[in-house]
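Report on one structure; see the data block that follows.
A note on names: the letters A, B, ... follow the listed sequences, proteins ahead of strands, and every chain is numbered from 1.
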Amino acid sequence: MKEITSMEKDFAKWYTDVVKKAKLMDYSGVRGCMILEPYGCAIWENIQKILDKKFKDLNHENVLMPLLISESLLQQEKDHIEGFAPEVAWVTHGGNEKLEERLCIRPTSEVLFCDYFSKKIKSWRDLPKLYNQWCNVVRWEKTTRPFLRTVEFYWQEGHTIHETEKEAREETEKMLNLYFDFLEKDLCIFTIKGQKTEKEKFAGAETTYTIEAMMHDGKILQSATSHYFGNSFAKAFGIKYRNKFNQESFPYQTSWGLTTRVIGGIIMTHGDNKGLVLPPSVAPIQIIIIPINLKNKEIIEKSLKIYDILNKNFRVKLDLTDQTPGWKFSEYEMKGVPLRLEFGPKDLKNNQCVLVKRNTSEKKICNLENLEENICLSLDELKFELYEESLKRTNDLTYLIEDNFEEILDKKYGFIKSSWCGNSKCEDLVKEKYGVTSRCIIKKNNANKCPLCGENSSYNIYWGKSY
RNA sequence: CGAGGUGUAACUCAGUUUGGUAGAGUGCUUGGUUUGGGACCAAGAAGCCGUGGGUUCAAGUCCUACCACCUCGACCA
């Protein structure tokens, strides 16, 4: 079997090797459309389960909008359609096409939600509506890469509508924080949280917020976004209601989303040269039990008992196939299983087992009496270490621009933190000259000068080369 | 969408120079020996050479169009 290319040798090749070896996805016959194989699908399902609960705990309800959008509906909000037009997939359908209106496959569902809201919202009593949908969308991307950019991808898109600007802004911020916490606590990924510049914001949004994560190679992945729409969509779609003072009003909207791209983020944040490394919260298999001598009936029986005990509280698999132990070790390392439990003749004799953490390969002999405690401990350790590594990498590769910005921007990896005047001319210059784009604005800053033009600065900003 | 590369068995690839009976390793199946880091022996199955046209007595090999994948840009979540 071919080895995984080392990430130092060729990071892009390493990435696709890991994706294939871990059996996350396969290609279909259509460009950019991938098959989520059972293992990759299980990771996405775990992500869905965690987020769905968080959304519902905050009183969001799930809905399912249709796949197809009519051309006239899509074109109702000018900025929105301008942003998406080049990558919309149009459907050829039967019948007399000249008489029928063109249809497209949703690239995102703003217009569908807006159309729906315009029918449902008549009174202040109808507000707010807090909706979310888990679905697939299609964007005609020019180049595609597994998970990071595919023509069809899966995501959740939250769409909420509120009486006041304040409420909507609070929702936008709340959901951004929810994503930030999810990446930190569940995916063990440190992200930078901030606001997109005018140039980088979502088509049709008033403000776009983002969390940005640094990958192993120092490139940056936009991991989730949360948008404040103001009431421009409401105006474009005629979403009007009577407020408490019997006045006609336009409500305020938000949207927020996280996609299967985040799986690419997990791979490129935690993966190593042996393959995938999964945080326990989303790992389809959290513990793999590998019995050592399959001819020994006692070992099999005891392994089955261990499996039954652990199966109550963990996602656990017992591998009884006739592959050699060494083969199994490699297999589950490639698949990123957080914890391996070896059980062999020595262990049988001493009422123990061997626990091996995926990230460090550290072996620990563990008495079977307090197995579950030790497993919890090891999984917590692993989570902590994964997060710390992500945090450390981000800090190590964050450069502060003072006056040597040319040298720093030329590195083309890592985060570059600087003051910024807020002028898109400086943003364009950085992009053109250094191939680096603005990732996010973190706060107002009037103390310094913009290192690019020398004018008084307005913001602190992060730059980086993005995926 | 631009530049470059690739497509032959399930996987990785040789064969293309000079057109002439389809190859290897891994994997798979069966039987046996093994088992604490990708085991070994034996036998077996497996490919209209990405797809469609063309040139030729003869095409995996030459010509042509298309499709998919990879890398780097531009664009995006």
Partner nucleotide of B:C75 by Watson-Crick or wobble geometry (both distances under 3.5 Å):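 Its partner is none (no Watson-Crick or G-U wobble pair with both distances under 3.5 Å).
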Identify the nucleotide, in any strand shown, that forms a Watson-Crick or G-U wobble pair with B:U61, with both distances under 3.5 Å; if there is none, say none.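 Matched B:U61 with nothing under the 3.5 Å cut-off.
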Would you mind reading off the distance between [X] atom [atom1] and [N] atom [atom2], rounded to a whole angstrom?
| X | N | atom1 | atom2 | result |
| --- | --- | --- | --- | --- |
| A:F84 | B:C76 | CZ | C1' | 9 Å |
| A:E331 | B:G27 | CD | C1' | 12 Å |
| A:R149 | B:U71 | CZ | P | 11 Å |

Tell me if the CD atom of A:E170 is crowded by more than 12 foreign heavy atoms within 6.0 Å.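 More than 12 within 6.0 Å, yes.
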Ring-plane angle category for A:F113 and A:F117, please: parallel below 30°, perpendicular beyond 60°, tilted otherwise.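 Plane angle between 30° and 60°, so tilted.
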What class does the angle between the rings of A:F202 and A:F229 fall in, given that below 30° is parallel, 30 to 60° is tilted and above 60° is perpendicular?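 Parallel, since the angle between the ring planes stays under 30°.
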Separation between the [atom1] atoms of [N] and [M], rounded to whole Å:
| N | M | atom1 | value |
| --- | --- | --- | --- |
| B:C49 | B:C70 | P | 24 Å |
| B:C66 | B:U30 | P | 46 Å |
| B:G5 | B:G44 | C1' | 38 Å |
| B:A46 | B:G23 | C1' | 14 Å |
| B:U29 | B:C76 | C1' | 47 Å |

Inspect the contact between A:R169 and A:E206 and indicate whether a charged nitrogen and a carboxylate oxygen are less than 4.0 angstrom apart.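 Counted as a salt bridge, because a side-chain N and a carboxylate O are separated by less than 4.0 Å.
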Under 4.0 Å between a side-chain nitrogen and a carboxylate oxygen: does that hold for A:R340 and A:E333?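 Here A:R340 pairs with A:E333 in a salt bridge, since their nearest N and O are under 4.0 Å apart.
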Report yes or no: is there a donor-acceptor pair, N or O only, under 3.5 Å between the side chain of [X] and the base of [N]?
| X | N | answer |
| --- | --- | --- |
| A:E333 | B:G37 | yes |
| A:R340 | B:G36 | no |
| A:D347 | B:G36 | yes |
| A:T143 | B:A74 | yes |

Would you say that A:K196 contacts A:Y209 through its side chain, given a criterion of any heavy-atom pair below 4.5 Å between the two side chains?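 Heavy-atom side-chain distance check fails, nothing below 4.5 Å.
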[N] phosphate, OP1 or OP2: any side-chain N/O from [X] under 4.0 angstrom?
| X | N | answer |
| --- | --- | --- |
| A:S330 | B:G38 | no |
| A:Y27 | B:C70 | yes |
| A:K465 | B:G73 | yes |
| A:K23 | B:C11 | no |

Taking only heavy atoms on the protein side, list every residue of residues 349-364 of chain A lying under 4.0 Å from any atom of RNA chain B, sorted numerically.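 Going residue by residue through residues 349-364 of chain A, the ones with a heavy atom under 4.0 Å of RNA chain B turn out to be A:V354.
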Across the strands shown, which category fits A:T108 at heavy-atom distances under 4.0 angstrom: base, sugar-phosphate, nothing?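 Contact class for A:T108: none.
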Looking at every strand, decide which applies to A:K274 at a 4.0 Å heavy-atom threshold: base, sugar-phosphate, or nothing.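 Here A:K274 touches no strand at all.
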Are A:W327 and A:F329 an aromatic pair, judged by ring center distance below 6.0 Å?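 No, they do not, as the ring centres are separated by 6.0 Å or more.
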Ring-face cation contact, A:Y39 with A:K23, 6.0 Å cut, 45° max: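 Here A:K23 fails the 6.0 Å and 45° test against A:Y39.
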